[in-house]
Amino acid sequence: MKRVITYGTFDMLHYGHIHLLRRARELGDYLVVALSTDEFNWNEKQKKCYFSYEHRKLLLEAIRYVDEVIPEESWDQKRTDIHDHNIDVFVMGDDWKGHFDFLEEEGAQVVYLPRTPDISTTQIKQNLGK
Ligand code: C2G
């Protein structure tokens, strides 16, 4: 069984997220999503989520491509996650290209997938005037 992992905030879930999750799942047989906690988002990414971690987790778990959701609480957990979750493939959108190549040292294949153009949570909020 080929196990894939990806990380993110996934706030105000949209089709760009779904495209990413579908392509990530297609790279293996099982997809783990490490979902940024509210604290990690605020402290490390200065992101205030519209939906709480629990609601973002609920939404992700309802997606057919997602097999498991775990919390992302620090930038540094990726190395141990690869081993703790027996990960073969690490996947991120290509806005992160090059940032996580070091995970190859842990034995994972690192894949950056093209982002879906013209959609983002920030853009949605701006368009809605939030
Ligand atoms: N994404 C995408 N296309 C979009 C928007 C997002 O492919 N139009 C991808 C991003 O590249 C990322 C994933 O969807 O791989 C989740 O996006 P975010 O929730 O914005 O995640 P981010 O804030 O980049 O957090 O440790 C890594 C971080 O947690 C990543």
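Heads up: numbering here begins at 1 and tracks the sequence. Indexing begins at 1, ligand by ligand and atom by atom, following the structure's order. Note that this is a predicted model, so its numbers are computed, not measured.
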For [X] versus [Y], what's the shortest heavy-atom pair and its separation?
X	Y	answer
Thr37	Arg56	C-NH2, 3.8 Å
Tyr53	Leu35	CE1-O, 3.3 Å
Ser36	Lys45	OG-NZ, 2.9 Å

[atom]: nearest protein contact (heavy atom, Å):
atom	value
atom 20 (O) of ligand 1	Lys47 NZ, 3.3 Å
atom 3 (N) of ligand 1	Thr116 N, 3.1 Å
atom 28 (C) of ligand 1	Lys45 NZ, 3.5 Å
atom 1 (N) of ligand 1	Arg115 NH1, 3.9 Å
atom 24 (O) of ligand 1	Trp96 NE1, 2.8 Å

* Kindly say whether Glu73 contributes a backbone atom to a donor-acceptor pair with the side chain of Glu39 at under 3.5 angstrom? =>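 No: the side chain of Glu39 does not pair with the backbone of Glu73.
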
* To do: Using a strict cut-off of less than 4.0 Å between a Lys/Arg side-chain nitrogen and an Asp/Glu carboxylate oxygen, indicate whether Glu106 and Lys78 qualify as a salt bridge.
  =>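 No salt bridge links Glu106 with Lys78.
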
* Using the ring of Tyr30 (Phe, Tyr or Trp, six-membered ring only), decide whether Arg3 places NZ or CZ under 6.0 Å from its centre and within 45 degrees of its axis. =>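 Yes; both conditions hold, so Arg3 lies above the ring face of Tyr30.
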
* To do: Pick, from Leu21, Leu20, Thr9, the option with the minimum heavy-atom distance to atom 9 (C) of ligand 1.
  =>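 Heavy atom nearest to atom 9 (C) of ligand 1 belongs to Leu20.
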
* Residue pair Asp81 / Glu72, side-chain heavy-atom distance below 4.5 Å ->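 With C-beta onward as the side chain, the pair stays apart.
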
* Given the rule that I, L, V, M, F, W and Y join up when any side-chain heavy atoms are under 4.5 Å apart, are Leu20 and Ile124 in one cluster? ->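 Yes, because Leu20 and Ile124 connect within a single hydrophobic cluster, where side-chain heavy atoms sit under 4.5 Å apart.
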
* Can you label the angle between the Tyr15 ring and the His19 ring as parallel, tilted or perpendicular, going by 30° and 60°? =>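 Rings of Tyr15 and His19: perpendicular, over 60°.
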
* Results of side-chain hydrogen bond (donor to acceptor under 3.5 Å, both in side chains) for Asp95 - residues two or more places apart only ->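 side-chain hydrogen bond (donor to acceptor under 3.5 Å, both in side chains) list for Asp95, sorted by chain: Arg115.
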
* To do: Mark the output for His19 as yes if a heavy-atom distance to ligand 1 is under 4.0 Å, and as no if none is.
  =>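 The answer is no, since His19 has no heavy atom less than 4.0 Å from ligand 1.
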
Is the closest N or O pair between [X] and ligand 1 shorter than 3.5 Å?
X	result
Glu72	yes
Phe100	no
Gly93	yes
Asp11	no
Asp95	yes

Close-contact set for ligand 1 against [X] heavy atoms, below 4.0 Å:
X	value
His14	5 (C)
Ser36	29 (O)
Lys78	26 (O), 27 (C)
Phe10	16 (C), 19 (O)

* Asked: Is it the side chain, the backbone, both or neither of Ile119 that has a heavy atom closer than 4.0 Å to ligand 1?
  ->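 Both backbone and side chain.
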
* Asked: ring-ring contact (aromatic ring centres under 6.0 Å, His included) with Tyr7: which of Trp96, Phe90, Phe40?
  ->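 Testing Tyr7 for a ring-ring contact (aromatic ring centres under 6.0 Å, His included) against Trp96, Phe90, Phe40 leaves exactly one candidate, Phe90.
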
